[in-house]
2 protein chains.
Amino acid sequence: MPKVTQQHMDARRKQILTAARRCFLRDGFHSTSMQDLFAEARLSAGAVYRHFTSKDEVILAIAEENMRDVLDITLAVATNRPGRSLGAVVAELLNVIRAKSVEEDLAGLAVLVWGEAMRNRSLAGKLDQLMGRIHANLVILVRDHQETGGLPTNVTAEAIASTMLAVLPGYILQVALLDPAAVAEMPYAVRALWPGPAGER
Amino acid sequence: MPKVTQQHMDARRKQILTAARRCFLRDGFHSTSMQDLFAEARLSAGAVYRHFTSKDEVILAIAEENMRDVLDITLAVATNRPGRSLGAVVAELLNVIRAKSVEEDLAGLAVLVWGEAMRNRSLAGKLDQLMGRIHANLVILVRDHQETGGLPTNVTAEAIASTMLAVLPGYILQVALLDPAAVAEMPYAVRALWPGPAGER
DNA sequence: ACAAAGAAAACGAACATTCGTCTTGACGTG
DNA sequence: CACGTCAAGACGAATGTTCGTTTTCTTTGT
């Protein structure tokens, strides 16, 4: 199709990325060959290389998409908080993560991205930045709850926020590895563990 | 060296595994070629293939070694608990993990193993089993603390233990990705968050 | 002298990427 | 309105490289 619009370009790109996602989730980044990707996308080599200059670029695009999803989720949940306890916020985070994992395997892809970040400095930087942003948002929440009571004040808000943040990868790993049903109860636990001052829920 | 003793065999094996560890931490499992490994171990192809029948077997050995390290740590810390609070136990777990990560990069390797487990069913099974064992140990601890007070009883011990367990991978990921100094405070936070009944520490 | 262990070369397979060719739909021209 | 032109998009065989592994030959301790 010559003289094709921008939206056709975007559609192709999305077609490739969707196929890449399936491939990577099935075999991992490096055990997926470009031939696998061509087959999955029902496109030729040339067609794919028109949109991405290398395999690494595809991997990077997928990884960034995944990190953007995670950031969007945390921003949406952590920002929109009508007087909820810290435990309630984290619990909702877990629930949304689980939902997104069931429907599009957010968790599995995240674990793959962590592994890739170990050998890809630029990806590590982006992941670092992602965790930094989530952490910063949690710090604000923690400070609020430290002032209104319900959280210890003899440790820094940063350290407590790091602990909250740490629960997320742990949950993601369990969702990705185990049956998602096996961790269905965890949100209740975090809600109960950090109830906040009496009255909040 | 013909007719060589068992300990020489073991030494060679260890030599190969040590080299493999360095390679994998530098480049990841699949971006490390066997040639890289030969060079790092200062051995020829034949010498390595005498001890391991395939690259996957080397990866598996490294992964199992790492999981055994983690299990040993958790068993040592979770079992030896002279009336400590749950937070204190988890905090010490984090400290030992950080120490082992500084000296031999336990955390970085663990993240690589998680990624590999996504595409290797047998490895996923072993990782599943590892987490199951740690979880079981935590459940016992949690039940104790639920009975003696200090932990909510309106959620199952299993769910609370899952939450404790979730903190570990999160911490490992932060240690592997960020500067270990950046998470040095987290153990204090964990201790403060789950203090147990008054008097324990 | 024997057998085990290591070195080195060499193997085919599989890999990411390129490139020359073909297809196709938009668009100017009559 | 018809149609020839054009260039972009897709194609897929071909390329050169690198991979894991095997095979052959040499060294060496007993």
Inset, instruction - Quick one: pull up CG in A:Leu94 and CZ in A:Arg191 and give me the separation to the nearest 0.5 Å. - result: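 Between atom CG of A:Leu94 and atom CZ of A:Arg191 there are 9.5 Å.
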**Message:** Let me confirm one number: the OG1-CG distance from B:Thr79 to B:Leu141, rounded to the nearest 0.5 Å.
**Reply:**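 Rounded to the nearest 0.5 Å, the OG1-CG separation comes to 8.0 Å.
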Does anything in residues 30-46 of chain B reach DNA chain C, meaning a heavy atom under 4.0 Å, and if so which residues?
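Output list: B:Leu43, B:Ser44, B:Gly46.
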Selection: residues 14-29 of chain A, any non-hydrogen atom under 4.0 Å of DNA chain C: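 By residue number: none to list.
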Mind calculating the distance between [atom1] ([X]) and [atom2] ([N]) to the nearest angstrom?
X: B:Tyr49; N: D:dT21; atom1: OH; atom2: P; result: 3 Å
X: B:Arg50; N: C:dA8; atom1: CZ; atom2: P; result: 15 Å
X: B:Arg12; N: C:dA4; atom1: CZ; atom2: C1'; result: 13 Å

Begin from the C-alpha positions of A:Val113 and A:Ile59 and carry the test side chain to side chain contact (heavy atoms under 4.5 Å, CB included) through to its verdict. CA-CA 9 Å; A:Val113 170; A:Ile59 294 177; over 6 Å; no
Polar side chain donor-acceptor pair, B:Glu185 to A:Ser162, under 3.5 angstrom
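The answer is no; no qualifying pair exists.
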I need the single residue from A:Lys14, A:Lys126, A:Arg21 that forms a salt bridge (charged side-chain N to carboxylate O under 4.0 Å, His left out) with A:Glu65. Which is it?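 So, applying the salt bridge (charged side-chain N to carboxylate O under 4.0 Å, His left out) to A:Glu65 and each of A:Lys14, A:Lys126, A:Arg21, only A:Arg21 qualifies.
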Any side-chain heavy-atom pair of A:Ile160 and A:Gln146 under 4.5 Å
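The answer is yes, as the side chains (C-beta and beyond) meet within the 4.5 Å cut-off.
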| Do B:Thr163 and A:Tyr188 have side chains that get closer than 4.5 Å, going by heavy atoms? |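 Not touching, per the 4.5 Å side-chain cut-off.
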With sequence neighbours excluded, tell me which residues meet side chain to side chain donor-acceptor pair (under 3.5 Å) with A:Arg133.
->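 Testing A:Arg133 for side chain to side chain donor-acceptor pair (under 3.5 Å), a comparison that skips the adjacent residues, returns none.
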Give the residues of residues 54-61 of chain B touching DNA chain D, defined as any heavy atom closer than 4.0 Å, sorted by residue number.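 Contacts with DNA chain D under 4.0 Å: B:Ser54, B:Lys55.
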**Q.** Any pair counted as ring-ring contact (aromatic ring centres under 6.0 Å, His included), so long as it reaches residues 10-46 of chain B, sequence neighbours left out
**A.**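 For residues 10-46 of chain B: B:Phe24-B:Phe29.
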Those residues that, when tested against A:Glu147, pass side-chain contact (heavy atoms from CB on, under 4.5 Å) (two or more places apart)
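Counting only residues at least two positions away or on another chain, A:Glu147 forms no side-chain contact (heavy atoms from CB on, under 4.5 Å).
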